[in-house]
Amino acid sequence: MEIITAVRGFKDILPPETEKWRHVEETARKVFGAFGFHEIRIPLLEKTELFCRGIGETTDIVEKEMYTFLDRGEESLTLRPEATASVIRAYLEHAVHAAETVTRLFTIGPMFRRERPQKGRYRQFHQIDAEILGPDDPRTDAELILMLIHFLDRLGLAKLNLEINSLGCLECRPAFREAVISFLGSQAEELCGDCRRRLGTNPLRVFDCKVEKCGEIISRAPRLNSFICGDCRTHFEGVQEGLRLFGVPYRLNDQMVRGLDYYTRTTFEVTAEHLGAQNAVVGGGRYDHLVRDLGGPDIPGIGFAIGFERLISMIPESGEDAPQGPLLFIAALGEKAAERAFILGNRLRMNGVHVEMDYAGRSLKSQMKKADRLRCAYALILGEREIQDNKALLRNMRESAQEEVCLDDLENTIMTLAR
RNA sequence: GUGGGUGUAGCUCAAAUGGUCAGAGUGCCGGGUUGUGGCCCCGGAGGCUGAGGGUUCAAGUCCCUUCACUCACCCCA
């Protein structure tokens, strides 16, 4: 009979990989906590409508990448493709905005998008998501980015590029957009097929086309810089000033367009080399009208999403790759000894000591070999002879030295070692 | 959705032009003094060579189909 395999694009994360995951999560909790963020846990499933309104009907995500189904043939539900919409839904549903003016939330969990898998891209992938709702002061933007960069630093990540841009606001962006459309429309024949299509769907996206000829054309296209309004310009300068204050290196990229419709003003991206084609590790930006678009008051917000898998793949292999082994292996010889080992070992475990044992009744040699393979610090040899003398042999595996210990205070002896 | 690449033991990989080709290393289990690990030596288990069909006296090796994985496009974390 054939075994059942995981669904395409859905990955198992096995030990010791899970240790890395935990390390990243713990670092995030620590760093984000210091910046005043609290964790929120939100459902994986939402009403489809939430994402249509939140992310934008014409985005690729909504148009073709969502896992959507009818629940009992009645209500359309969708596995979340991103977290921001859900966070805001919860924020509004629980009227958090009524209780406080600034809300900082983060969440870590799986997202689902039905794309063709490739390096760094999976159908179930994980994001670390942080959102600040309430303030629109540029220092908020800078602070969020600062936290992000600090977090990446703490993980020992190098060779990362931070790029920032401002997309303008509802006042100034439309004019820019129109200018781009008419400019590109005038030479549509020169553009690649994809870009001709983009012209109708998301014209700004032509800016990051990889085809050479498109790049040439776009380099002559109008720039947001000449359309951006005074407020947006001031805001963006404020963000940069904040980053400079902390010496955060960044690169201005006025061709950076993000894929979600809701972004306004500040957008940013962290990319890394050697990640393959999917080189974006973090994407984020300001969304000053998303809360309103989802039916709430006009509260501005900003946030980012870190691609967990992409992040993990860059974490340097830690020097001490050999993780700490168990403190003790109990090698028992004979039925009576096995019984004592069973009791002692589990008592120690309940005291928080990592103990390993083997009930298969193997030879001492094979049990010692096991202790060694597991990298146990100590081995306790418990045989008929020892039990008779009310003793056991405690062997220090690293120093290859052993001593007799009395069975009566064995537990205390081991507990001492544990400290 | 569209292209390219790859599919042989748990893992990493060998098997010239189709003909003892089903192997190695590693891992796992056991043994090498009577109750003591690491190094070394020996042995064992484990593969219907992704699946199905075809060509041939003969197919991991050629052809077709299919599935899976993978990389890239699209798009994004």
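The basis for the numbers below is simple: all heavy atoms, side chains too, and nothing from hydrogens, waters or symmetry mates. As the structure is a computational prediction, the values presented were derived from the model and not from experiment.
Between the CG atom in L407(A) and the CG atom in N390(A) there is a gap of 4.5 Å [rounded to 0.5 Å]. Here CG of L92(A) is found 7.0 Å from CD1 of I299(A). Values are rounded to the nearest 0.5 Å.
A donor-acceptor contact under 3.5 Å links the side chain of E115(A) to the base of rA77(B). Side chain R121(A) to base rC71(B): no donor-acceptor pair is found below 3.5 Å. Side chain R362(A) to base rC29(B): no donor-acceptor pair is found below 3.5 Å. In terms of polar N and O atoms assigned as donor or acceptor, the side chain of R116(A) never comes within less than 3.5 Å of the base of rC75(B) in a complementary pairing.
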Listing time: all N or O pairs from protein to nucleotides 5-9 of chain B that are below 3.5 Å?
none

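With both ends at atom P, the span from rG4(B) to rC41(B) equals 48 Å, rounded to whole Å. Using atom P as the reference point in both rA58(B) and rG18(B), the two lie 15 Å apart (nearest Å). Nucleotides rU70(B) and rC13(B) have their P atoms positioned 14 Å apart, rounded to a whole Å. Spacing of P atoms, rA9(B) relative to rA51(B), comes out at 10 Å, to the nearest Å. Here the separation of rA15(B) from rG23(B), taken at their P atoms, is 15 Å to the nearest Å. The separation of rG60(B) from rC48(B), taken at their C1' atoms, amounts to 12 Å, rounded to a whole angstrom.
Exactly one residue among L105(A), V96(A), T103(A) makes a side chain to side chain contact (heavy atoms under 4.5 Å, CB included) with I40(A). That residue is L105(A).
The distance from atom CD1 of I55(A) to atom C1' of rC75(B) is 13 Å, rounded to the nearest whole Å. Rounded to whole Å, atom C1' of rG1(B) lies 17 Å from atom CZ of R113(A). Atom CD1 of I387(A) and atom P of rG35(B) are 16 Å apart (whole Å). rC75(B) atom P lies 13 Å from atom CD of E269(A), rounded to whole Å. Here the C1' atom of nucleotide rC74(B) and the CZ atom of R123(A) are 14 Å apart, to the nearest Å. The CG atom of L14(A) sits 13 Å away from the C1' atom of rC11(B) (whole-angstrom rounding).
Every residue two or more places apart in sequence or in another chain that forms a ring pair (Phe, Tyr, Trp, His ring centres under 6.0 Å) with F227(A) is listed here: F176(A). Residues passing the ring pair (Phe, Tyr, Trp, His ring centres under 6.0 Å) test with H235(A), sequence neighbours excluded: none.
Across every non-hydrogen atom of G303(A) and E131(A), the tightest pair is CA-OE1, 3.3 Å.
Base contact: Y122(A) has a heavy atom under 4.0 Å from a base atom. Among the atoms of the strands shown, only primed sugar atoms or phosphate atoms (P, OP1, OP2) are found under 4.0 Å from some heavy atom of G276(A).
The shortest distance between side-chain heavy atoms of R53(A) and L294(A) falls below 4.5 Å. Side-chain contact between R349(A) and E356(A) is present, with heavy atoms from C-beta onward closer than 4.5 Å. Contact annotation: the side chain of E163(A) never approaches that of F268(A) to less than 4.5 Å [non-hydrogen atoms, C-beta and beyond].
Each side chain to side chain donor-acceptor pair (under 3.5 Å) pair with one or both residues in residues 145-154 of chain A, not counting sequence neighbours, would appear here, but there are none.
Taking 90° from 0 as the syn/anti boundary, the base of rG23(B) is oriented anti. Classified by its glycosidic torsion, rA16(B) falls in the syn category, the angle being within 90° of 0.
By the criterion of a centre-to-centre distance under 5.5 Å and near-parallel planes under 30°, the ring of F125(A) forms a stack with the base of rA77(B).
No side-chain donor-acceptor contact under 3.5 Å links Q367(A) to the backbone of K370(A).
In this structure, of rU70(B), rG31(B), rC74(B), it is rC74(B) that holds the atom nearest to the side chain of D60(A).
Ring centroid separation for the pair Y262(A) and H289(A) does not come in under the 6.0 Å cut-off.
Pairing analysis of RNA chain B (Watson-Crick: purine N1 to pyrimidine N3 plus N6-O4 or O6-N4; G-U wobble: N1-O2 and O6-N3; both under 3.5 Å) yields stems of 3 or more pairs at B:1-7 with B:67-73, B:10-13 with B:23-26, B:28-32 with B:40-44, B:50-54 with B:62-66.
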The test is salt bridge (Lys or Arg N to Asp or Glu O under 4.0 Å); show your working for K391(A) and E386(A) and say whether it passes. CA-CA 5 Å; K391(A) 279 190 241 163; E386(A) 285 75 17; over 6 Å; no
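For the pair Q118(A) and rC73(B), the criterion of a side-chain N or O lying under 4.0 Å from OP1 or OP2 is met. For K11(A), a side-chain nitrogen or oxygen approaches OP1 or OP2 of rU70(B) to under 4.0 Å.
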Along nucleotides 36-46 of chain B, 5' to 3', which nucleotides get a B, which get an S, and which get a -, given that the test is a protein heavy-atom distance under 4.0 Å? BBB--------
